[in-house]
Structures are given as structure tokens and as C-alpha cells.
Amino acid sequence: MVGETALPVSNMTAYDAENFSAEAYPLTYTIIRWIDGDHFPDLQFKPAAPWVPIAIETIEQISDIDISSTSRWGWFGPEGIGKFKSWQEHLLNSCFDKSKSRLYAQHPDRFRADFLEVETLEYFSDQLRQQVSQLPDVRRFLVHTDFGWDNVLVNDGAVEAVIDWDNAVFGDELYDLARLDVYAPAVDFKAIVRSRWSDRGRDLRQFDLRWDVCALHVMVDALGWYGWSNNPDAYRWMKARALDLLGEGPPVTEPHPGSSYVL
């Protein structure tokens, strides 16, 4: 069963704030049969290494879902119509703008307390804008955007279900793979995927730029979310990881503080 209901939300984007009510935001839901399983192993930790190719294959299977009956980009409702005219427009929607930011307007205390920094959010947003301006047109795929240990159920060595699709978008098929790379710095997902896709004949056009744009958007989006959820430890980790991936800071070796070691 698929449907839509209106509920209050607190973390609306600038686009949503202009087009929807925070007291009655339209949320899509799906009700499915009960599925037994355990959380996917956390790929940040070495014992989970055998699950890396399974994670990549599962994301590829999501990308292979036929979405030809849908249209547009970004977040979508039950009709399968995305909110944005282009992938680039969706990506840029996450950029921080102090003059328009509900995060800054509603939580200035978190900036004054040196938890959040305007300069940091502006810097990474500027980096994202610059890279998006160079982005070529890409093919449109279904993207989960929150694929990971807490949203994937496994049983007897196989993936049983991918759940929690409320943040799914139509976008670049590299997005979920780049997101895994951001959150699991001990695994070189970029090299693994490039080699795998080269062997399988998947689309490698502008691979590096597309990957880097996806990773940077993941980090910009996460920094804003950690500000909303008042999570300074995760915010500082993501800031360090962003500098690491941009080649402007030391390698991040510590696991993400919000992860759970479940094996």
C-alpha cells in the first residue's frame, strides 16, 4: 500500500519552506509485509569487508529499477514526479545561505556556541556550487540516499530488504555508492566501483566529477542535518571528512560517531 499523509516537520529545506506548510508537510508512506532480518553490518569496520561487494551489488539493483513512467528529479511523491527540473537544481537546494537559512534563523545559539560555523557551511556550499556548475547531464535513476547498516535488513548472508525510503530521489546512480565512501573512510569505494564498473561495462562517463559532486552533496547535506539534530560530534567528524576528501585536511581514520558496530 502506498499513500500520502500530512504531518508536522521541523527540518524543511529552503525550497520546502517556500512551498509547503511546516504544520502539514506531505509525506509519502509505504506499508509492506513483515520481513525478518538483522541490520546490515557497519562497513566502517574491517570484519564487515565481505559485505562490501554485496552492498555495491544491491545499490546497482536499485539503479536497475525501471523508472520510465516517472519524471523530473530529486524528491518525489506517490505520482512519481520529482520536485526539480534537473539533478543540478536538486543538488544546489542543499547549499547554505545565511540570509535564507531556517537553521540559522531558528538556532543562532548553535552558531554562537562554536558548534556550527557560518564560514564552514558557506565554504563547502561554495565548493558544491563550483563543482555542480561543471556537471554534465546524467541519466536519471532511483536513489535511496540513506543506504546503510540501519536501513538494510539481511538474513543468512543475503539482503532481505532496503527500508526507509522517505528521502529517496531521482538522481545519479553513483550517489548511494559515494555516500558509502563518505561514511566508511576505511574502504576505498571509489576505486572498487570504478574497477567493477569498468569490467561490467557500466557508465563511466565523467565518473570522477560525478562521484565527487555526489560525495560533496552528501557532506553538505549532512552538516546541515547535524545542525538541525544538534549533533556536534557528528558535525565535527563530517567537517573533517569533507576536508579530507577535498585534499585540504588529514585523513580521517576514526569511525563516524553515529555508527553502530553490529556483526
Side-chain angles (χ1 to χ4, degrees), residues 11 38-63 91 94 120-121 124-125 127-128 131 141 143-154 159 161-169 171-194 196 207-208 210-263:
N11 60 330
D38 300 312
H39 280 162
F40 198 81
D42 194 325
L43 298 176
Q44 292 184 96
F45 300 97
K46 290 184 178 179
W51 288 91
V52 168
I54 296 174
I56 295 173
E57 181 179 358
T58 303
I59 291 172
E60 290 172 350
Q61 290 173 347
I62 293 172
S63 296
L91 294 169
S94 293
T120 293
L121 296 175
F124 292 125
S125 293
Q127 295 296 310
L128 179 58
Q131 291 197 21
F141 294 87
V143 180
H144 186 276
T145 79
D146 202 10
F147 185 98
W149 69 269
D150 54 343
N151 285 330
V152 181
L153 300 179
V154 298
V159 171
V162 181
I163 61 174
D164 196 4
W165 287 82
D166 63 317
N167 288 315
V169 303
D172 193 331
E173 61 181 327
L174 288 176
Y175 192 92
D176 282 327
L177 298 163
R179 185 179 183 277
L180 289 180
D181 197 48
V182 169
Y183 279 95
V187 182
D188 190 351
F189 275 97
K190 189 175 184 180
I192 295 172
V193 173
R194 188 204 307 274
R196 177 184 172 91
F207 178 89
D208 287 325
R210 290 165 52 206
W211 184 283
D212 293 347
V213 166
C214 289
L216 190 51
H217 180 269
V218 167
M219 294 183 289
V220 168
D221 204 48
L223 288 170
W225 168 244
Y226 296 143
W228 273 111
S229 57
N230 198 20
N231 192 336
D233 290 338
Y235 173 87
R236 295 184 184 107
W237 186 93
M238 188 58 68
K239 175 184 175 181
R241 182 65 173 143
L243 291 171
D244 171 15
L245 289 178
L246 287 173
E248 299 174 10
V252 171
T253 57
E254 293 297 318
H256 183 273
S259 296
S260 176
Y261 193 1
V262 181
L263 286 176

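When a residue number appears, it is its place in the shown sequence, counting from 1.
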query = Nearest heavy-atom pair of Ala55 and Phe40: which atoms, and what distance?
reply = CB-CZ, 3.8 Å
query = So, do Ile59 and Phe141 sit near enough that their side-chain heavy atoms are less than 4.5 Å apart?
reply = no
task = Compare every heavy atom of Ala48 with every heavy atom of Pro41, then report the nearest pair and how far apart it is.
result = CB-CB, 3.8 Å
By side chain to side chain donor-acceptor pair (under 3.5 Å) - contacts of Asp176 (at least two apart) = none
request  = Walk me through it: do Val159 and Val152 pass the test side-chain contact (heavy atoms from CB on, under 4.5 Å)?
outcome  = CA-CA 7 Å; Val159 171; Val152 181; 3.8 Å; yes
inquiry  = Rounded to the nearest 0.5 Å, what separates atom CG in Leu223 from atom CE in Met238?
reply    = 6.5 Å
task = Mark yes or no for whether Arg179, through its side chain, and Thr145, through its backbone, hold a donor-acceptor pair below 3.5 Å.
result = yes
request  = Check whether any side-chain heavy atom of Tyr235 sits under 4.5 Å from a side-chain heavy atom of Thr120, and report yes or no.
outcome  = yes
inquiry  = As an exercise, state the distance from OG1 of Thr58 to CD1 of Ile54, rounded to the nearest 0.5 Å.
reply    = 7.0 Å
ask   = Quick one: does Leu180's side chain get under 4.5 Å of Val187's, heavy atoms only?
value = no
ask   = With no hydrogens and no angle check, is any side-chain donor or acceptor of Asp172 less than 3.5 Å from a backbone partner on Tyr175?
value = no
remark   = d(Met219 CE, Trp237 CH2) to nearest 0.5 Å is 9.5 Å
ask   = For Glu248, does the CD atom have more than 12 heavy-atom neighbours from other residues, nucleotides or ligands under 6.0 Å away?
value = yes
Intermediate values then yes/no, side-chain contact (heavy atoms from CB on, under 4.5 Å), Glu173 and Val143 = CA-CA 6 Å; Glu173 61 181 327; Val143 180; 5.9 Å; no
ask   = Is a salt bridge present between Lys190 and Asp181, judged by a nitrogen-to-oxygen distance below 4.0 Å?
value = no
task = For the residue pair Gln127 and Leu216, establish whether any side-chain heavy-atom pair is separated by less than 4.5 Å.
result = yes
ask   = Which distance, rounded to the nearest 0.5 Å, do you find between the CZ of Phe147 and the CG of Asp164?
value = 12.5 Å
task = Could you tell me whether the side chain of Trp211 and the main chain of Leu177 form a donor-acceptor pair under 3.5 Å?
result = no
request  = Step by step, work out the ring-ring contact (aromatic ring centres under 6.0 Å, His included) result for His256 and Phe45.
outcome  = CA-CA 11 Å; His256 183 273; Phe45 300 97; over 10 Å; no
request  = Hey, could you give me the CG/CG distance between Asp146 and Asp166, rounded to the nearest 0.5 Å?
outcome  = 7.5 Å
query = Under the 3.5 angstrom rule, does the side chain of His144 hit a backbone N or O of Ile163 as a donor-acceptor pair?
reply = yes
task = Considering non-hydrogen atoms only, spot the tightest contact between Gln44 and Pro185 and give its length.
result = OE1-CD, 4.4 Å
task = Give a yes or no answer on whether the side chain of Arg241 reaches the backbone of Tyr183 with a donor-acceptor pair at less than 3.5 Å.
result = no
query = Which value, rounded to the nearest 0.5 Å, describes the distance between Phe124 atom CZ and Leu246 atom CG?
reply = 6.0 Å
key: Phe189 and Leu43, any side-chain heavy atoms less than 4.5 Å apart   = yes
query = How far apart are the C-alpha atoms of Arg196 and Glu60, what are their side-chain angles, what is the distance that settles it, and do they pass the side-chain contact (heavy atoms from CB on, under 4.5 Å) test?
reply = CA-CA 11 Å; Arg196 177 184 172 91; Glu60 290 172 350; 2.8 Å; yes
